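Taking it in order: structure first as structure tokens, then the write-up.
A quick note: this is a predicted structure, and the numbers were derived from the prediction, not measured. Every heavy atom of this structure was used, including side-chain atoms; hydrogens, water molecules and symmetry mates were not.
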Amino acid sequence: VSAPRWTIALIRRLAPPGRAEDVQGDLEEAHGRRRAERSPFVADLLTGIEALELCLALLVERARAGRTGQAGESSWPRVSWLDFKLGFRMLVRYPGLTLVGGLALAFAIWVGAGTFEFLSLIVSPRLPLDEGDRIVAVRNWDISVNRAESRALHDFVAWREALATVDDLGAYRDLERNLIVEEGRAEPIRLAEISASAFRVARVSPFMGRAIIEEDEHAAAPAVIVIGYEVWRSRFGEDPFVVGRTVRVGIEPHTVVGVMPEGFEFPRAHDAWTPLRLNPLDYARREGPGIQIFGRLARGVSLADVQAELNLLGQRATADFPRTHEHLRPQVMHYPRSFYYTLSGWYALALMSSNLLVLLLLALIGANVALLMFARAATRESEIIVRSALGASRSRIIAQLFAEALVLGALAAMVGLAGVKFGLTWALAIAETEFMDGGGRLPFWFTSRLSPATLLYTALLTVLGAAIAGVLPALKVTRGIGARLKQASAGSGGLRFGGVWTAVIVIQVALTVTFPAVSFFLRRDIVQMRDYDVGFADEEFVSVRLELDRQAAAFATSDTSRAAFLQHFAVTTQELERRLAALPAVTAVTFTDELPRTYHGWNQIELDEGAVPPRDSIYGHRVAATSIDPDYFDVLEAPILAGRGFHAGDQISDARVVIVNQPFVKQVLGGLNPIGRRLRYVAGESARSYDPGPWYEIVGVVGDHGTTSGYGRAGFYHPLPSGGTHPIYMAIHVRGDAASFAPRLRATALAMDPALRLENVVPLDEVANAGIRTAEFWLALLAGLTAIVLILSLAGIYAAMSFAVSRRTREIGIRVALGADPRRVALAIFRRPLTQVGLGILAGTALVALMIGGLDADDLQPAQAGMIAAYALLMTVVCLLACIVPTRRALRIQPTDALRHDG
Amino acid sequence: LPFSLRFPPFLFLFSHIVTQKRAIPDSLAEFELLVMLAALRLGADEAYTVSIADDITERTGRRVRRANVYTTVQRLEAKGLVSTRLGEPRPERGGRPRRLVVVEPEGMAAVRATTTAINAMVGGLGGIIGEAG
């Protein structure tokens, strides 16, 4: 009856020299007793636990002994300065390896540290303000619907009076308004109506003038505005006398009283601030506008203290106002947390665990660098054996190789970190265009400044990378070194690439084959997106999104209903259309709710009859849908190919007619005549309807004019409803340069209604540029990865081949001397590496073929098959190129050289 | 002024050496004392990790981890209070020997100093803390 084998193995590995025997004996004895008393399973379990305890104790003891240097010789390898010096020398001596390995590690560290910092920004954001971690948000949470209740004016006033644990409690609400500096220039800004205390909470003083003060909050006080640095720079031309100037915010005049310093965007991403003048007496409880509440933790107070106080206040409110406050629970949290729904617990963990994927990349790249380091270590085998003979222990040699890798890794980390800031700025810009609607900005705490945690993480990555790249080959090279020491001919064949290395090479080559293909497909998509022919002269159009302040509309019509607002908006936009059409530079104007080239969202539809079976039976027919002005196609000068266009009568709600495009006819109807058939919605991303909706009759067919749904270009058009829709896109056909028309467009709109906001004024052929930029970001990342994989892989193949030749120089020479055909000798030597490369190419090609198959399942044409074959051939040639130099070297070996060669 | 005071690093080093010297134990931590007493009771031919742990458990009723005994013996050995030697291979231990613990004279002195100190402190407190044992 013996203790479990793994426990013995563990102890033998960890026990200090000469101590393994008796510790193992203790374990065996204890195990024997347990077996006498308990079941085998329980005994094994308990012995296992004891073994782990013993190991822990051994490790602790070892560490202590190592620290105090008391308890004799520690068997941990020590790394000395000499090792690092030697490491630097090696960098210079092998510049190729330094360059290739260093670049690869730098890339891995760049991606790793960048990802970590980016995820940390989301999961544990830090406010870049003085003691920013003490700024908190307070809100009501409605437990009956599980959502924040922001209509909390009454509670805000009550909390401001009562809360002792939070200083300077304040509130704000978002407003979007035109800022009109002088007549003729109106551009939207992001405005915060905010309490004066905000500037104390942020602890930032104005750069010029003053901040908002409590007196400004009175309803009778003059209207004032504090502007941000960026607004001051771009809209006021850095006017040193800006304080005191009068500007219009929407329709109301305001006096500029101060300018905030650069980078100040509290509370989220705001350009300017006006005093919050909401009076709770104007509204009932849980009514009125939504506000966000913030403050600073009082000295010596924790979040839990605030929550405790809030709980009391909440209970009192529930008792006093059961009708409105029965389900409301006040909450306090770190300020940035209030902007995310569930960024805690498992979700945050899941998000942070994407770092593991990146770690995998580091491991892969580290393994590749290890391959190169191994080849180098192998050429230094005699040096290592001599050192060993002179008394260096195995761990000393491993420590030396680790130190060499660490030097390389540290250099790579420096390069990588320098790149992280650049990459992060880029990624944040992309995130802004991707995740923030309509030109919105990320909250101000998303900066590309590196956190200490990221620096620490980078250090960890470096050590990990060095451990993989340095220790792995060192273990391999030093295995059985004692035995090799005793052999007469040092190192003639002790070292070989084993199974693990074979796998590394095969995977490597497969990736080398796959990555360029993936990059190629992404690049093709980008080119397609950029060169998308929308079938009309879109460069002659200017597009703009029109929005209107709800408040201003209510002011104009004295009716606060949504229908009245939409009606007022429709009248306003039609008036703008009329005025623009009167300009000599304008040919025509039209409206749509989705611009060509932009992502429309998909809708699943079905036809009453005649539809071909969808390519994917689960997804059904997914197409894009958009609503347009009846004269849309006339303005675009796009012909109606069959049937008829829309006329004004189609806009009434029970007309139910649609026009489809040519890709729709091809994809859904297989090219049959669509006129007179009917379609209806089954499901949709844009949630037009989830139940099968009413039938719509197809009355016309047009060409492909840029409807994109993510499922191809098939799409159809509704007439815009006569009741109006908000917001809406306007497309203006102009004579001459579309880009230079923007100022006149703004001037015309301002002269008509200062409350009408013009967002995203761009030429129509540039509306998709943000999406293209995002794709280009991924392409650049992928291209970097591809380059690294390619270089590493070719260097790896080269190293492996050179290694094979150098190992067998003597053998080759003797064989050639005995009359063997040099080509056959070379083939015999390279059979193994060539097989590995061949296997890799096969696996990679299969992957690429799968990808192409996945892209276009039914039409894998002979041309594409040919392309794959040609590509595989190309990659084979590229890989073989890496073999040429070692092969030539092998064939040039003279028998005399071989005999002189020592190993 | 002496050189060491003008040059703080030396001062630091000096104080370090002094405290190191003073750190040579003249008394034992509680568990160290228990291990020493058990080793004394079991004698040089029977005291080893397993028997020491058993003895402490039997007498004090507290559960003792052999890992703790092991590290404590190592520490005592490093301090020169005990020495160890390998015994004969034994069948119930899978043919492995025991590492037998021998209490050195310095160890004996340390045990004496510690127990004397404890007795001196306990003296006269019987009425308050109750009779031991």
Check the pair A:L401 / A:V471 against side chain to side chain contact (heavy atoms under 4.5 Å, CB included), numbers first and verdict last.
-> CA-CA 7 Å; A:L401 291 175; A:V471 175; over 6 Å; no

Picking from A:L56, A:V23, A:D26, which has the most non-hydrogen pairs under 4.5 angstrom with chain B?
-> A:D26

Atom pair [atom1]/[atom2] of [X] and [Y] - distance to nearest 0.5 Å:
X     : Y     : atom1 : atom2 : value
B:F31 : B:R65 : CZ    : CZ    : 10.5 Å
B:R96 : A:D22 : CZ    : CG    : 10.5 Å
A:L54 : A:L10 : CG    : CG    : 9.5 Å

Close side-chain approach of B:L33 and B:I118, heavy atoms under 4.5 Å =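 They are in side-chain contact.
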
Output the residues of residues 37-51 of chain A for which the shortest heavy-atom distance to chain B is under 4.5 Å, in residue-number order; output 'none' if no such residue exists.
-> A:E50

Verdict with reasoning, B:R66 to B:T49, per side-chain hydrogen bond (donor to acceptor under 3.5 Å, both in side chains) | CA-CA 6 Å; B:R66 275 180 283 272; B:T49 316; over 6 Å; no

Determine the option with the most heavy-atom pairs under 4.5 angstrom with chain A, choosing from B:R98, B:E92, B:R90.
-> B:E92

Pairs of heavy atoms under 4.5 Å with chain A: top-ranked of B:L86, B:T84, B:V50 = B:V50

Stepwise side-chain hydrogen bond (donor to acceptor under 3.5 Å, both in side chains) check, B:E32 with B:T72 = CA-CA 6 Å; B:E32 287 176 338; B:T72 306; over 6 Å; no

